[in-house]
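Accompanying notes for the structure given below.
Both backbone and side-chain heavy atoms feed into the values below; hydrogens, waters and symmetry mates do not. The residues of the chain are indexed from 1 along the displayed sequence.
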Amino acid sequence: QLVESGGGLVQAGGSLRLSCAASGRTFRNYHMGWFRQAPGKEREFVSAISRYGSNTYYTESVKGRFTISRDNAKNSVYLQMNSLKPEDTAVYYCAATTRSTDWGSVGEYDYWGQGTQVTVSS
């Protein structure tokens, strides 16, 4: 089970830190990803981190603004979001996979959280 938290309403230029708590399985066995879905749009990749945190990936639009991290001792993954823009507004989902073929693909992930809303006002 994956449970996201930390979403909310923030002004443009502000920051939020999303958290995703995992339970029920051995967290360190899973690569973790963050995706987002805006109204009327498809779910899109935001960031991913390998099982032990040695590799991280970001979609181009968030590079330099977002940072993904994880704490395997706490069974948690985080997404620090800085310099937020109105176009970052979406429901943010964390996801888990044991595969490592294409972390940017929705189909790569086996487990998903329920999502947390992030709204950035201009």
One should read off an interatomic distance between L79 CG and C20 SG, to the nearest 0.5 angstrom, of 10.5 Å
L18 side, atom CG; E4 side, atom CD - distance, nearest 0.5 Å: 8.5 Å
Is any side-chain heavy atom of Y93 closer than 4.5 Å to one of W34? no
Below 4.5 Å, heavy atoms only, C-beta onward: do T98 and H31 meet side chain to side chain? no
Flag yes if more than 12 heavy atoms outside R28 fall under 6.0 Å of its CZ atom; otherwise flag no. no
Does one hydrophobic cluster hold both V46 and V10, with members joined at side-chain heavy-atom distances below 4.5 Å? yes
On a heavy-atom basis, which atom in L84 and which in R65 lie closest, and how many Å separate them? CA-NH1, 3.9 Å
Is there a donor-acceptor contact under 3.5 Å from the side chain of Q80 to the main chain of R17? no
Please report the shortest heavy-atom distance between S122 and A12, naming the atom on each side. CA-CB, 4.4 Å
Regarding S15 and N82, do their side chains bring together a donor and an acceptor under 3.5 Å, going by distance alone? yes
Got Y52 and R70 here, is their nearest side-chain heavy-atom distance under 4.5 Å? no
To the nearest 0.5 angstrom, please state how far the OG1 atom of T119 sits from the CG atom of L16. 9.5 Å
Is there a path of hydrophobic side-chain contacts, each under 4.5 Å between heavy atoms of I/L/V/M/F/W/Y residues, joining M81 to F35? no
Between F66 and Y92, how do the two ring planes meet: parallel, tilted or perpendicular, split at 30° and 60°? tilted
Can any side-chain N or O of Q117 pair as donor or acceptor with the backbone N or O of G8 at less than 3.5 Å? no
Are any of the side-chain heavy atoms of E87 and V120 separated by less than 4.5 Å? no
Please report the interatomic distance CD(Q1) to OG(S23), rounded to the nearest 0.5 Å. 4.5 Å
Going by heavy atoms in the side chains, are M32 and R51 under 4.5 Å from each other? no
Look at the side-chain heavy atoms of Ile, Leu, Val, Met, Phe, Trp and Tyr, link any pair under 4.5 Å apart, and say whether Y78 and F27 land in one connected group. no
Report yes or no: do V106 and V91 belong to one cluster of Ile/Leu/Val/Met/Phe/Trp/Tyr joined by side chain heavy-atom distances under 4.5 Å? yes
Is any side-chain heavy atom of V77 closer than 4.5 Å to one of I68? yes
Taking V118 as the starting point, is it possible to reach L2 by hopping between hydrophobic residues whose side chains are less than 4.5 Å apart? yes
Do the non-hydrogen side-chain atoms of S76 and S19 ever get within less than 4.5 Å of each other? no
Nearest heavy-atom approach of Y109 to F45 is OH-CE1, 4.5 Å
State whether the side chain of S47 and the backbone N or O of Y57 hold a donor-acceptor pair below 3.5 Å, judged by distance alone. yes
Nearest heavy-atom approach of K41 to Q37 is O-NE2, 3.1 Å
Heavy-atom nearest pair, D102 first then E108, reads N-OE2, 3.0 Å
Close side-chain approach of T67 and Y58, heavy atoms under 4.5 Å: yes
Which atoms form the tightest heavy-atom contact between G7 and T116, and what is the distance? N-OG1, 3.2 Å
Under 3.5 Å donor-acceptor, S50 side chain and N55 backbone: yes
Supply the atom-to-atom distance S105 OG to R99 CZ, rounded to the nearest 0.5 angstrom. 9.0 Å
